[in-house]
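Only one structure is covered here, and it is reproduced in the block below.
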Amino acid sequence: MTKQQRPRGTQDMIGEQAARFDHVVETFNRVRKLYGFGRIEVPVFEATSVFARSLGETTDVVSKEMYSFEDRGGDSLTLRPEFTAGIARAYIENGWQQLAPLKVTTWGPLFRYERPQKGRFRQFHQLDAEVIGAAEPAADVEVIALAAQVLAELGVDDRVVLQLNTLGDAETRGAWREALVAHFSGHLDVLSAESRERLEKNPLRILDSKAESDRALVADAPRIDAFMTSEAGAFFEAVQKGLQASGVGFVRAASLVRGFDYYRHTAFEFVTDALGAQGTVIGGGRYDGLIGAMGGPETPAVGWAGGIERLAMLIPDLAPDFARIVVVPDSPSMLEEATAIAYNLRRGKLSTTIDIAYKGNAKRRVELAKKSGYDAILFVREGSRAKDRLHLTHIGGTEAASMLLLKVLEWLPGPYRELSGDDA
RNA sequence: GCGAUCGUAGCUCAAUUGGUUAGAGCGCCGGUUUGUGGUACCGGAGGUUGCGGGUUCAAUCCCCGUCGAUCGCCCCA
């Protein structure tokens, strides 16, 4: 019998790692409410065409990274490689345009058949925020500010910078793209092999080529600013002003482009140099053409996605944010009493565990409790009077510890209340 | 899809240029010490050295294949 193992690029998490993941999600959910973003739920799998058409047939994600399968009814389905396409499909299908502008968030697993490495998995998880049905630059500012505050509250804002660019409107983007193709086509001899390929599929991406040989070419490639329509220019101007007003710092990254075909106007990434080859922690932009292209009403929209694993790797060490108590019955016969006490403490919102292992003698159990990081131990012993049966201990001398002690006393059942402090 | 490095108890790692019975810490199991401010003590179980082949008198160590991990390329969060 061969040992079962998890599929490549998936992860099992517990302890510290799981706590970090959870902290990222919890922080996101707290902050998004401050910005008035609701919650949206969409399926983990969709009809394959939902992603194939929206992302662009030639993108790597569609051409070789999708987890697609045929179900028993013969339909081609795909595990979602990103959130936006599914949300756009739901918006169209359910007629949510009546709710526009819609400010929604979600988070969950995504799937891409890629070679795993640092900060990259086949099943990975993202936070996601979208504003659908708002053409105003203020919507861009809103989603970016949300991202910035999530990062700040995670304590990683000093390790991340916001790179901002515009891809212009369709007209701008088209003209710029043509100019880039012309520019790079004139220097095929120096262009790296990868970039020559990109010239066919996605010439914009040559701009962030890592190849040394491409660097000089990229440096004097035509900049989008020269092709900007006045509308597109004004839009980008307004976004930058709004960010300044929101106190969100950014740098202009003229060569920043986005991977999927549906992006227009604002493109941005929060990047870090602390994660090896995976610098992007949150990436997004405006995708005004997408919903229309998918057969829905022409609908402007802007949004972003952030890698939960990447954020979890970036955040500082987690300090425990609440005190934990363990109730230790001295013998199995004291278990019921211990259970009753623990129940009361929990009603008082105190995090309480019951030690039901009876492992080792008292000294050993104290050691184990300390090792597990409890802030207080409440022994339940044999004894005739209620107050004699309890022994509260192992609380440090800090103010928080004294508060904990008072709270414990407050939520003990009546007969125990005479307990006169701990003998620690 | 391509490249580099790695793969030894449940976990983290040892094992002198290939050499006898593959070790330690943590964890686990049993016992001792009647109870503490992150050092108790004694004993025990647990490995076909990822898997398959090859070279050799002899392989954890060298070679090939395969699977997996890590990091990078591509791409992306």
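Any value given below was found using the heavy atoms of this structure, including those in side chains, with hydrogens, waters and symmetry copies removed. Below, chains carry the letters A, B, ... as their sequence lines are ordered, and counting in each starts from 1.
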Taking both distances under 3.5 Å as the test for a Watson-Crick or G-U pair, what stems of at least three pairs does RNA chain B have?
->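 Stems (3+ consecutive pairs) listed as B:1-7 with B:67-73, B:10-13 with B:23-26, B:28-32 with B:40-44, B:50-54 with B:62-66.
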By side-chain contact (heavy atoms from CB on, under 4.5 Å), which residues pair with [X], not counting sequence neighbours?
X        : value
A/Ala274 : A/Arg159, A/Thr272, A/Leu314
A/Ala254 : A/Arg223, A/Arg252
A/Pro316 : A/Val156

Using the salt bridge (Lys or Arg N to Asp or Glu O under 4.0 Å) rule, collect all pairs that involve residues 175-186 of chain A, keeping only residues at least two apart or in two chains.
->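 For residues 175-186 of chain A, and leaving out neighbouring residues, there are no salt bridge (Lys or Arg N to Asp or Glu O under 4.0 Å) pairs at all.
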Could you name each residue pair satisfying salt bridge (Lys or Arg N to Asp or Glu O under 4.0 Å) that touches residues 266-282 of chain A, not counting sequence neighbours?
->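 Sorted pair list: A/Arg258-A/Glu269.
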Results of side-chain hydrogen bond (donor to acceptor under 3.5 Å, both in side chains) for [X] - residues two or more places apart only:
X        : value
A/Thr266 : A/Asp140
A/Arg20  : A/Glu16, A/Asp317
A/Gln126 : none
A/Asp128 : none

Sequence-aligned protein contact record of nucleotides 46-51 of chain B, with B where the base is within under 4.0 Å of a protein heavy atom and S where only the sugar-phosphate is = ------
Show me the protein contacts with nucleotides 1-3 of chain B, counting only N or O atoms at under 3.5 Å.
residue : atom : partner  : partner atom : Å
B/rC2   : N4   : A/Arg115 : NH1          : 2.6

